[in-house]
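Heavy atoms only: backbone and side chains are in, while hydrogens, waters and symmetry mates are out.
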Amino acid sequence: MGLISKTQTPFVGVDISSTAVKLLQLSRSGNRYRVEHYAVEPLPINAVVEKNIVEVEAVGEAIRRAVNRSGAKTKFAAAAVAGSAVITKVIPMPADLDEGEMEAQIELEAVNYIPYPIEEVNLDFEVLGPMPNSPEMVQVLLAASRSENVELRQSALELGGLTAKVIDVEAFAIENAFDLIVGDLPIPDDGLVALVDIGATMTTLNILRRGRSLYSREQVFGGKQLTDEIMRRYGLSYDEAGMAKRRGGLPDDYELEVLEPFKEAAVQQISRLLQFFYAGSEFNRIEQIVLAGGTAVLPGLYSMVEEQLGVSTIIANPLAQMTLGPRVQAQTLAQDAPALMIATGLALRSFD
C-alpha cells in the first residue's frame with residue numbers, strides 16, 4: 001500500500017501523537033467543508049514515545065474509544081508516519097513513461113537513495129511536474145518509510161476497528177491542512193511561513209512557501225514538560241495536572257512561577273529551530289509564524305512569540321471556515337482545533 005495513494009471513499013483522519021489519538025471526519029458540499037465527527041482520546045503514558053508506537057494494543061483501544069465517542073460510521077482511515085521516519089527525495093524521471101513503467105524504474109532507482117534494504121521499505125511516488133529547463137523530464141517525489149513504521153500504524157487501526165486506506169507523511173498532511181489557513185494570512189505570495197507544532201513531547205518546525213514544505217525539523221520539547229512541573233510542584237497526578245493545565249484552578253503562584261518560565265522556554269525553542277533553518281538556507285527572515293499543537297492555546301504564548309521574535313504570529317485553526325455536524329460541540333472543537341492540523345490534513349485525503 002502506498003504512502004500517497006489516491007482514493008474516493010469517505011474516511012476518518014487518525015493522528016496518533018505521543019499523548020492522544022485525534023480522529024476527524026469531514027464531508028464536503030461544493031467547496032465548503034463540514035466537520036461531521038471528531039474525538040480526542042488520551043493515550044496511556046509511554047504507549048507512543050516520540051511518535052513511535054510502543055504499545056500497539058493500547059493505541060488500538062484508544063482508537064476504538066475515539067471511533068465510538070465520535071459516532072463515525074466509516075470503517076476506513078488515513079494515518080501518517082512522522083517526518084523523522086520518512087525519507088523523501090525529488091528525483092528526475094523521463095516524462096514519457098506510463099505509470100507502470102515509472103513505478104518499475106523508481107523501484108530500480110530507489111536503491112540509490114534509501115539506506116535500508118529495499119524489501120524492508122514501503123515506497124510511494126508522486127509526479128510533481130516538468131523539470132525546469134528540461135521538458136522531456138519530470139520531477140518525481142519519492143517517499144519511503146521502513147515497513148515496520150507503516151505496519152504498526154495499520155495494526156493499531158485494525159485493533160481499533162478501522163482499515164488503513166492511506167498511510168501519509170505528517171509533513172504532507174500538514175501541507176494539506178495549511179491550504180485551509182494560508183488564504184487568510186497577510187503575506188506576499190512567495191512569503192515564508194513557519195508552522196510550529198508544539199505537541200506533548202516534540203516540537204516540529206515546518207517552513208512553507210506557496211503551500212509547499214521547504215524544510216522540516218523536530219526537537220524534543222513539549223507541553224508534557226509543563227504538566228510534569230505542575231505535578232512536581234503541586235503534588236498532582238499526571239491526569240490531574242493535565243486537567244488543571246487546561247481548565248485552571250491552580251494556586252496563585254502558578255502563572256509567575258511555572259507558566260511564564262515554560263512560555264519563555266517555548267519561545268527559546270522556536271527561536272533555536274528558526275536559527276537552524278536560517279543557518280542551512282539562503283533565507284534570513286520569515287513573514288509569519290503559525291502556532292499549532294495542544295500547547296499553542298496556552299494563554300499569552302502567541303503574543304510572547306510575536307513580541308520576542310518580532311514576527312506576526314497567529315494560532316492555527318484549520319477548521320475555522322467549516323460548518324459543524326450535529327454531534328460536534330463548537331466550544332470543545334475550538335479548544336482542540338490547533339492540535340488537529342495533522343488529523344485535518346488526513347481527513348482531507350477523502351477528497352483527493
Side-chain angles (χ1 to χ4, degrees), residues 1-6 13-18 22 24 48 50-53 78-91 113-114 121-129 139-146 149-150 152-153 164 166-182 185 191-222 269-270 273-274 276-277 280-281 283 286 288-294 296 316 318 338-349 352:
M1 181 179 71
L3 287 163
I4 340 178
S5 53
K6 299 273 182 273
V14 180
D15 173 20
I16 301 166
S17 74
S18 313
K22 298 155 200 160
L24 183 71
V48 176
E50 289 173 17
K51 302 194 175 171
N52 297 311
I53 295 179
V81 289
S84 52
V86 179
I87 297 162
T88 55
K89 284 272 187 291
V90 176
I91 59 176
Y113 301 101
I114 293 161
V121 171
N122 281 47
L123 278 184
D124 205 355
F125 69 91
E126 187 174 2
V127 177
L128 299 176
Q139 288 181 313
V140 174
L141 174 68
L142 172 69
S145 182
R146 296 190 69 162
N149 293 315
V150 174
L152 278 170
R153 276 163 174 72
V166 174
I167 301 288
D168 206 335
V169 178
E170 284 186 2
F172 301 162
I174 284 172
E175 268 180 28
N176 239 353
F178 183 73
D179 281 350
L180 301 173
I181 297 174
V182 68
L185 298 177
L192 295 184
V193 178
L195 181 75
V196 183
D197 190 313
I198 310 174
T201 58
M202 302 288 275
T203 295
T204 308
L205 168 70
N206 273 295
I207 302 284
L208 295 123
R209 186 189 204 185
R210 295 195 176 98
R212 301 297 291 197
S213 186
L214 289 188
Y215 173 92
S216 175
R217 189 183 177 108
E218 292 175 347
Q219 205 153 279
V220 178
F221 173 84
Q269 294 288 339
I270 295 168
L273 281 165
L274 287 171
F276 279 124
F277 166 63
S281 74
F283 302 105
I286 49 168
Q288 178 78 49
I289 293 173
V290 178
L291 291 184
L340 294 174
M341 285 291 285
I342 290 170
T344 302
L346 292 171
L348 287 168
R349 295 294 307 268
D352 283 356

Is any side-chain heavy atom of [X] less than 4.5 Å from a side-chain heavy atom of [Y]?
{"X": "F277", "Y": "L192", "answer": "yes"}
{"X": "I167", "Y": "V81", "answer": "yes"}
{"X": "L195", "Y": "M341", "answer": "yes"}
{"X": "V290", "Y": "L185", "answer": "yes"}
{"X": "N206", "Y": "F178", "answer": "no"}
{"X": "L291", "Y": "I270", "answer": "yes"}
{"X": "L274", "Y": "V196", "answer": "no"}
{"X": "I207", "Y": "F283", "answer": "no"}

Got a second to check how far [X]'s [atom1] is from [Y]'s [atom2], nearest 0.5 Å?
{"X": "Q288", "Y": "I181", "atom1": "CD", "atom2": "CD1", "value": "10.0 Å"}
{"X": "L205", "Y": "I198", "atom1": "CG", "atom2": "CD1", "value": "10.5 Å"}
{"X": "K89", "Y": "I114", "atom1": "NZ", "atom2": "CD1", "value": "9.0 Å"}
{"X": "D168", "Y": "D124", "atom1": "CG", "atom2": "CG", "value": "9.5 Å"}
{"X": "E170", "Y": "M202", "atom1": "CD", "atom2": "CE", "value": "9.0 Å"}
{"X": "K22", "Y": "L340", "atom1": "NZ", "atom2": "CG", "value": "7.0 Å"}

Q) Would I174 and I342 satisfy side-chain contact (heavy atoms from CB on, under 4.5 Å), going step by step from the backbone distance to the final call? A) CA-CA 5 Å; I174 284 172; I342 290 170; 3.7 Å; yes

Q: Please say whether more than 12 non-hydrogen atoms of neighbouring residues, nucleotides or ligands are located less than 6.0 Å from CZ in R212.
A: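 No.
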
Q: Take L348 and L180 through the test side-chain contact (heavy atoms from CB on, under 4.5 Å) and record every step on the way to the result.
A: CA-CA 10 Å; L348 287 168; L180 301 173; 3.9 Å; yes

Q.
My understanding is that only residues two or more places apart in sequence, or in another chain, count here; which of them pass side chain to side chain donor-acceptor pair (under 3.5 Å) with R209?
A.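 So R209 forms no side chain to side chain donor-acceptor pair (under 3.5 Å) with any residue.
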
Of the non-hydrogen atoms in [X] and [Y], which two are nearest, and what is the gap between them?
{"X": "G345", "Y": "N176", "value": "O-ND2, 3.2 Å"}
{"X": "L123", "Y": "A144", "value": "CD2-CB, 3.5 Å"}
{"X": "T204", "Y": "S216", "value": "CG2-OG, 4.1 Å"}
{"X": "N149", "Y": "S145", "value": "ND2-OG, 3.4 Å"}
{"X": "G294", "Y": "A339", "value": "N-CB, 3.7 Å"}
{"X": "A82", "Y": "K51", "value": "CB-CD, 3.5 Å"}

Q.
Is it the case that the side chain of Q139 and the backbone of L128 share a donor-acceptor pair, with hydrogens and angles ignored and the cut-off at 3.5 Å?
A.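 Not a single qualifying donor-acceptor pair exists.
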
Q. Taking the side chain from T203 and the backbone from F221, do they hold a donor-acceptor pair closer than 3.5 Å?
A.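 Yes; judged by distance alone, with no hydrogens or angles, the pair exists.
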
